[in-house]
Protein chains: 4
Amino acid sequence: MSSKANKRKKQILNATFQAVADKGYHAVTLQDISDYANLSKGVTNYYFENKNEVFYQLLEWTVERIHRNERQAINNETTAINKLKAYVYTAISEPEQNRKFYKVYLDFLAHAGHNAEYRKVNDKFYENCWEMGREIVTLGVKEKVFSVADIDKAAITIRALIDGCLIQWLMRDDDRLHSYYRDICFDAIKSYLTNTKNNK
Amino acid sequence: MSSKANKRKKQILNATFQAVADKGYHAVTLQDISDYANLSKGVTNYYFENKNEVFYQLLEWTVERIHRNERQAINNETTAINKLKAYVYTAISEPEQNRKFYKVYLDFLAHAGHNAEYRKVNDKFYENCWEMGREIVTLGVKEKVFSVADIDKAAITIRALIDGCLIQWLMRDDDRLHSYYRDICFDAIKSYLTNTKNNK
Amino acid sequence: MSSKANKRKKQILNATFQAVADKGYHAVTLQDISDYANLSKGVTNYYFENKNEVFYQLLEWTVERIHRNERQAINNETTAINKLKAYVYTAISEPEQNRKFYKVYLDFLAHAGHNAEYRKVNDKFYENCWEMGREIVTLGVKEKVFSVADIDKAAITIRALIDGCLIQWLMRDDDRLHSYYRDICFDAIKSYLTNTKNNK
Amino acid sequence: MSSKANKRKKQILNATFQAVADKGYHAVTLQDISDYANLSKGVTNYYFENKNEVFYQLLEWTVERIHRNERQAINNETTAINKLKAYVYTAISEPEQNRKFYKVYLDFLAHAGHNAEYRKVNDKFYENCWEMGREIVTLGVKEKVFSVADIDKAAITIRALIDGCLIQWLMRDDDRLHSYYRDICFDAIKSYLTNTKNNK
DNA sequence: TATGAATGAGGATTCATTCAT
DNA sequence: TATGAATGAATCCTCATTCAT
């Protein structure tokens with residue numbers, strides 16, 4: 001594929017992302033996408049098979065972006081606690097961007113509930129999330145700051161808490177609660193991982 | 001309103017629920033609803049102002065049902081731990097029903113991300129969830145089985161974990177993981193609530 | 001037909017008349033009619049074959065009422081001029097009622113443009129109007145106050161002016177112009193009928 | 001707007017005009033319009049906001065056409081009588097076209113009775129009609145062929161007679177009466193304008 | 001005689017997709 | 001490569017009509 005085509009595709013995906021963040025997955029029309037991209041109505045069908053293909057690639061692109069950011073943040077730290085904090089603080093980073101991203105991701109999750117293809121993309125994202133979680137927990141156990149019996153379960157719990165907190169924050173629609181939820185999330189994970197009674 | 005009308009409304013809401021669980025919020029047409037209800041195309045508009053009104057009432061009805069079940073389960077128990085277990089085991093109770101309910105609820109959450117009216121309904125649901133959480137945590141603290149510094153935060157965390165686990169389970173689309181996630185959820189909450197280091 | 005049935009039919013026609021005056025011929029639903037009549041939705045179809053039958057009978061009833069009033073007014077006077085004045089002053093009598101009646105009549109005329117049955121009803125009305133016109137003109141000629149070569153044409157002209165004035169007044173939507181138009185109408189007819197140059 | 005778009009709009013308005021003339025304002029569907037235009041169902045909504053917008057613009061277009069023709073006819077003559085005759089003979093010109101135009105116009109008038117926006121358009125048309133009437137009458141008075149006390153009233157009367165005659169002719173549904181009504185109209189106006197008793 | 005629940009045909013509108021340019 | 005005119009399928013909603021009670 002030419003780099004021009006690649007550039008156009010990116011432009012369209014970006015426009016779609018903004019449109020979905022504003023109007024919601026199902027409210028976005030091809031006209032909306034071309035409006036947001038400042039392109040003509042026909043381009044989207046020129047560069048993508050059909051509308052669904054745009055959304056599918058947007059989902060891939062979105063979860064890749066989320067994962068890339070989180071992975072980078074973790075890699076920048078050395079201790080388990082710092083990696084964990086970096087992870088949570090990247091997942092729950094800044095109200096405006098977070099709101100956009102999570103709105104779009106939530107739209108996709110809902111859609112994935114009825115679409116196996118979308119679920120597959122999300123599963124890959126989960127794998128990545130769990131991997132990051134396992135890394136952090138394994139390191140923490142080695143550092144003796146975490147006390148965890150089942151590392152897989154811990155990884156699942158970490159992502160569940162991040163998503164659970166983000167959704168709850170998103171629904172409450174109050175930017176001032178953003179750091180409140182971020183800290184709740186981090187404290188809860190830490191508390192959960194450091195409870196020595198877990199080694200029963 | 002006559003009880004006949006009420007019965008019909010229930011019938012339509014039930015049909016809508018099944019249709020949304022099968023096809024997804026935005027894919028459901030009025031024709032679908034009447035098909036699922038075994039009634040004619042016109043009924044829905046006869047009993048409801050418009051399609052959105054059906055969905056809105058379905059959301060209210062859905063979160064009410066969820067809350068009613070959970071509340072009942074909690075009330076049936078006396079100790080904090082048992083109440084917590086009853087809460088989690090009711091929220092994450094049985095694969096088939098759970099899948100349906102949570103698919104529908106997730107569709108609504110996604111839609112609520114772009115609709116303030118829907119958010120308001122969900123906020124009421126959250127209030128109820130937090131109230132149950134606070135009750136359980138408060139009792140646990142009194143019983144000296146929980147060690148919690150901020151009861152509000154604990155209540156938020158409990159619901160975040162339940163929702164986070166349910167979404168993750170739903171996305172993995174494997175009924176055999178149901179009890180696995182249920183236990184992860186319960187254990188994580190318990191671990192988080194019983195960590196004495198929380199009282200820093 | 002029982003008198004009860006007759007009473008109900010009148011009640012329904014009256015309700016339809018009010019509804020049409022308010023909302024316009026094509027905007028009126030059977031529900032509107034029953035609402036205006038304070039009756040249940042089913043009655044109209046019980047007493048009338050179908051919706052069109054109601055409108056058809058309303059048209060008959062309306063033009064009969066208009067004609068009856070005008071005929072009575074004419075009969076109450078003895079001289080041609082007074083009869084003419086009574087005719088015009090009854091056709092253009094009082095803003096509020098006039099507006100209602102003429103709105104409804106105009107709706108029917110428009111519909112009659114595409115419906116031969118309705119046109120037939122209106123033709124009967126025209127016959128009555130022309131008959132009144134001829135009577136007045138014939139008397140005026142006998143009284144030597146009118147100078148008319150063709151009595152049929154005069155009768156046609158009289159009705160054309162009344163309708164033309166009423167429509168123009170109706171469209172201008174200003175009750176204060178009512179007597180203005182009434183006088184224009186009367187003066188124009190009188191002027192036309194008294195021009196001796198007509199006997200060429 | 002491109003001239004292509006303008007052409008299409010005209011095409012749609014023309015199709016709508018024919019459809020309304022045939023079936024009547026309220027019976028015309030968007031499907032009818034596209035059928036008459038030999039275009040697909042979607043075009044109308046592509047070029048017009050909605051169905052009402054088509055009708056609104058059709059009304060504007062119709063009264064403009066009527067006025068343009070009448071104005072032109074008047075301008076082509078020099079004496080008051082000839083201008084008057086040209087005016088009447090253009091307003092009541094040729095059965096088939098006249099029938100179509102007046103059916104459509106009558107449909108609009110009826111609708112205008114319940115719609116202020118439409119009334120406004122018609123008011124502008126009236127202004128134009130009165131202006132033409134005043135011009136002719138003023139000239140006739142100067143020429144000493146007309147004897148009129150109130151020029152505004154005369155202008156109102158002229159239009160009332162034209163509309164009154166056209167409606168009556170239209171309702172009688174007999175093309176052979178067309179010239180009969182045209183002459184009645186012209187004679188009546190002339191007779192009214194030349195009656196010296198008007199200068200009372 | 002009267003009701004109003006239920007039906008389903010009809011129509012406005014939206015929008016993904018196609019395709020000539 | 002890009003445009004946007006044109007299409008027509010899909011869907012919400014209205015409402016005349018039917019009919020069981």
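The sequence lines fix the lettering, A, B, ..., with proteins before strands; numbering per chain opens at 1.
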Any pair counted as salt bridge (charged side-chain N to carboxylate O under 4.0 Å, His left out), so long as it reaches residues 20-42 of chain D, sequence neighbours left out: D:Lys23-D:Asp32

Could you tell me the separation between the CZ atom of A:Phe55 and the C1' atom of E:dA16, rounded to a whole number of Å? 11 Å

Rounded to whole Å, CD of B:Glu53 lies from P of F:dC12 at a distance of 16 Å

Could you tell me whether a side-chain N or O of D:Gln11 sits under 3.5 Å from a main-chain N or O of D:Ala37, the two making a donor and an acceptor? yes

Using atom CD of B:Gln11 as one end and atom P of E:dA5 as the other, report the distance to the nearest whole Å. 14 Å

Could you give the CG-to-P distance, from A:Asp32 to E:dA16, as a whole number of Å? 8 Å

Minimum side-chain heavy-atom gap A:Trp61-A:Thr16 below 4.5 Å: no

Show the nearest heavy-atom pair for residues A:Leu13 and A:Val54, with the distance to one decimal. CD2-O, 3.5 Å

Closer to the 5' end of DNA chain E via nearest nucleotide, is it C:Arg8 or D:Gln31? C:Arg8

Does the side-chain contact (heavy atoms from CB on, under 4.5 Å) test come out yes or no for A:His26 and A:Asp107, once each step is laid out? CA-CA 9 Å; A:His26 287 94; A:Asp107 270 342; 5.9 Å; no

Verify the distance criterion only: is there a donor paired with an acceptor across the side chains of A:Tyr118 and A:Asn52 at less than 3.5 Å? yes

Per-nucleotide pairing state of DNA chain F [Watson-Crick or G-U, under 3.5 Å; [ ] pseudoknot-crossing; | other strand]: .||||||||||||||||||||

Spacing between B:Lys9 atom NZ and E:dA5 atom P, to the nearest angstrom: 12 Å

Please tell me which of A:Leu30 and D:Asn52 maps to the more 5' nucleotide of DNA chain E, matching each residue to the nucleotide holding its nearest heavy atom. D:Asn52

Separation of E:dT13 atom P from B:Asn50 atom CG, nearest Å, is 17 Å

What's D:Val28 touching, base or sugar-phosphate or nothing? Going by heavy atoms closer than 4.0 Å. sugar-phosphate

Taking the ring of C:Phe55 and the ring of C:Phe17, is the distance between their centroids below 6.0 Å? no

Given that C:Glu49 and B:Glu49 both sit by DNA chain F, which one's nearest nucleotide is further toward the 5' end? B:Glu49

Between atom NZ in D:Lys4 and atom P in F:dT3, what is the gap in whole Å? 17 Å

Strand-adjacent residues in residues 34-46 of chain B, judged by heavy atoms under 4.0 Å from DNA chain E: B:Leu39, B:Ser40, B:Lys41, B:Gly42, B:Val43, B:Tyr46

Integer-rounded Å distance: F:dT14 P and D:His26 NE2: 17 Å

Is any side-chain heavy atom of A:Lys10 closer than 4.5 Å to a side-chain heavy atom of A:Lys7? no

Would you mind telling me which of E:dG11, F:dC12, E:dT17 lies closest to the side-chain atoms of A:Lys51? E:dT17

Indicate whether the side chain of A:Asn14 and that of A:Tyr36 have a donor and an acceptor atom separated by less than 3.5 Å. no

